[in-house]
Amino acid sequence: AFAVGHADHGAVFTRTFGTADLSNGRAVTRDTPFCLASTTKPISTTVLAAMMERGVIGLDHPITAHVPEFLPGLWVARPPTVREIATHTAGLGVHHRFFYEDERRPVPVVEAVRTLARPAFPIGGQWRYSNLGYGALQLAMERAGGAQMADLVQQHVFGPLAMTSSSW
């Protein structure tokens with residue numbers, strides 16, 4: 001399912017394809033729920049851009065300015081910036097699973113950042129996909145924006161695009 005949205009006109013085109021449930025042949029509709037998975041990255045950076053426009057967060061702020069749990073003493077020269085976190089060049093490990101609902105006991109983001117955010121590569125040296133980095137970015141945006149990420153996404157993305165069936 002996809003839609004093309006316009007800031008002034010909401011969804012201007014929608015289309016669905018395929019089967020939502022193979023066992024009974026139920027088709028995908030506009031209201032079929034889908035897990036957002038890694039599409040949360042562009043949604044998060046859209047929120048980040050809106051917050052930058054308002055001047056509440058900057059790309060070149062050290063992540064520790066907003067997330068002190070991202071222990072600055074572990075990093076050789078300096079902690080990564082918000083930009084390096086957002087572009088997966090912060091030197092974090094490849095992939096940390098800490099938030100999926102199917103885990104027996106999901107680790108809270110703050111705890112994951114405090115215990116798992118360790119340099120694995122030089123900052124800016126190479127691109128490495130990192131969900132953990134986006135956990136830290138989410139904390140930074142929540143703290144800078146004074147609201148939970150779900151509310152920030154609603155305010156800056158879902159609301160303006162009239163995505164009434166979407167949730168964070």
Could you list the residues that satisfy ring pair (Phe, Tyr, Trp, His ring centres under 6.0 Å) with Trp168, not counting sequence neighbours?
-> none
Would you mind listing the cluster partners of Phe2? Hydrophobic ones only (ILVMFWY), side-chain contacts under 4.5 Å, chaining allowed.
-> Val4, Val12, Phe13, Phe17
Pairwise distance CZ(Arg26) to CG(Asp21) - rounded to 0.5 angstrom = 5.0 Å
Under 3.5 Å, side chain of His156 to main-chain N/O of Val153, donor-acceptor pair present?
-> no
Single-linkage hydrophobic cluster Leu74~Leu137, side-chain heavy atoms < 4.5 angstrom = yes
Applying salt bridge (charged side-chain N to carboxylate O under 4.0 Å, His left out), name anything that partners Arg118, two or more places apart in sequence or on another chain.
-> none
For His88, which residues count as a ring pair (Phe, Tyr, Trp, His ring centres under 6.0 Å) partner, sequence neighbours excluded?
-> Trp127, Tyr129, Tyr134
Rounded distance [0.5 Å steps], CG in Leu116 versus CG in Asn131 | 11.5 Å
When you measure from the side chain of Arg143 to the backbone N and O of His66, does any donor-acceptor pair fall under 3.5 Å?
-> yes
At what distance, to the nearest 0.5 angstrom, does CG of Asp151 lie from CD of Glu142?
-> 9.0 Å
Sorted by chain and residue number, the salt bridge (charged side-chain N to carboxylate O under 4.0 Å, His left out) partners of Glu84 (sequence neighbours excluded) come out as Arg78
Tell me, please, which residues at least two apart from Asp31 pass salt bridge (charged side-chain N to carboxylate O under 4.0 Å, His left out).
-> none
Would you find more than 12 non-hydrogen atoms of other residues, nucleotides or ligands less than 6.0 Å from Arg30 atom CZ?
-> no
